[in-house]
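What follows is a single structure, written as structure tokens, with notes after it.
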Amino acid sequence: MPEPSTLLLFAASAAVLVLIPGPNLIYIVTRSVEGGRRVGLASMLGVEAATLVHIAAAAAGLSALLASSAVAFDVVRWAGVAYLVYLGLRALRAGGSSPQVIESPARGHRRDFAEGMLVNLLNPKVSIFFLAFLPQFVAPERGAAWAQVLVLGAVFMVIACVLDLLYVLAAGALGNRLRGGRAASRIAGGVYLALAVLAGATGGRRA
């Protein structure tokens, strides 16, 4: 178990990192603007569920394999790029077809959750980030490293969920002003395609 002072330092560092706009945060905000708060919340929960997978992989050392294999890294990265392109084109088609509100049907938002999870899982940089970041706060004399990584990961998850929820609420309110026309879908489509371009252009393994 990490020391309290270490946990406080880690929590502060995690909060700063979460607040810095990255692909996952941009995706959550975009989904909230496009589909409303419920869609944004389901998407956020999917993203954070995938974060749990990344944290578990870091604890198990599986991320090291991904970091050491150029082929594995590129396969996952380009799959993520392709999926973002798909989301972008789907949003643009929806925006060009009719000016109706883009709300998810009564499906329990399972698809929104699954898409959020998939977007995060197909970003290998997240896995490598946790592999590089979490061990910086691990003290070997405090017990098993994997257990400390899981504790730190849990703290990161709580902070990420709270801060991302604030973004969802704010973006959902903004989306209420935009929906009812084509603007929200076109903005969302442009953001997804921009994320795809960014992911493809910054695909260096050490990025």
Side-chain angles (χ1 to χ4, degrees), residues 1-59 62-63 66-67 76-77 80 83-84 87 109 112-138 146-175 187-188 191-192 194-196 198-199 202-203 206-207:
M1 179 72 177
E3 295 181 354
S5 59
T6 300
L7 285 176
L8 288 175
L9 177 60
F10 174 79
S13 302
V16 171
L17 289 171
V18 172
L19 288 172
I20 296 174
N24 287 338
L25 179 57
I26 294 173
Y27 174 80
I28 291 169
V29 169
T30 302
R31 291 296 287 137
S32 300
V33 171
E34 181 186 17
R37 291 175 177 174
R38 291 184 179 181
V39 171
L41 179 60
S43 301
M44 182 202 80
L45 292 175
V47 167
E48 300 307 341
T51 298
L52 283 176
V53 176
H54 288 302
I55 292 171
L62 297 179
S63 299
L66 185 64
V76 175
R77 179 171 66 90
Y83 190 64
L84 287 170
L87 291 177
H109 298 290
D112 302 315
F113 177 91
E115 288 183 349
M117 189 171 184
L118 191 58
V119 165
N120 195 358
L121 286 176
L122 292 178
N123 186 356
K125 297 175 188 177
V126 177
S127 186
I128 294 174
F129 162 76
F130 281 115
L131 181 67
F133 179 62
L134 295 180
Q136 305 304 319
F137 298 87
V138 171
W146 65 266
Q148 294 185 60
V149 167
L150 290 180
V151 171
L152 293 171
V155 172
F156 186 95
M157 278 286 300
V158 172
I159 293 172
C161 285
V162 171
L163 295 179
D164 285 347
L165 179 59
L166 297 178
Y167 278 107
V168 167
L169 296 176
L174 175 62
I187 292 172
V191 170
Y192 294 140
L195 285 175
L198 181 63
T202 60
R206 298 185 183 275

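This is a predicted model, so every value here is computed, not measured.
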Nearest-0.5 Å distance, [atom1] of residue [X] to [atom2] of residue [Y]:
X	Y	atom1	atom2	value
M157	T51	CE	OG1	6.0 Å
N120	E115	CG	CD	14.0 Å
D112	R38	CG	CZ	12.0 Å
L165	R37	CG	CZ	9.5 Å
C161	L41	SG	CG	9.5 Å
F113	E48	CZ	CD	10.0 Å

Looking at [X] and [Y], what are the two nearest heavy atoms and their distance?
X	Y	value
A171	V33	O-CG2, 3.5 Å
A59	L150	CB-CD2, 3.8 Å
G116	V47	O-CG2, 3.4 Å
A14	I159	CB-CD1, 4.1 Å
S32	G40	OG-CA, 3.2 Å
V39	R31	CG1-NH2, 3.2 Å

Assess whether side chain to side chain contact (heavy atoms under 4.5 Å, CB included) is satisfied between V53 and M117, documenting all intermediate values. CA-CA 10 Å; V53 176; M117 189 171 184; 4.1 Å; yes
If we only count heavy atoms from C-beta on, is the I28 to V168 side-chain gap below 4.5 Å?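 Result yes, sub-4.5 Å side-chain heavy-atom pair found.
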Apply side chain to side chain contact (heavy atoms under 4.5 Å, CB included) to L19 and Y167, showing your working. CA-CA 10 Å; L19 288 172; Y167 278 107; 3.9 Å; yes
Quick one: list whatever passes side chain to side chain donor-acceptor pair (under 3.5 Å) with D164, sequence neighbours left out. none
The criterion is side-chain contact (heavy atoms from CB on, under 4.5 Å); which residues satisfy it with L9, sequence neighbours excluded?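 Counting only residues at least two positions away or on another chain, L9 forms a side-chain contact (heavy atoms from CB on, under 4.5 Å) with S13, F137.
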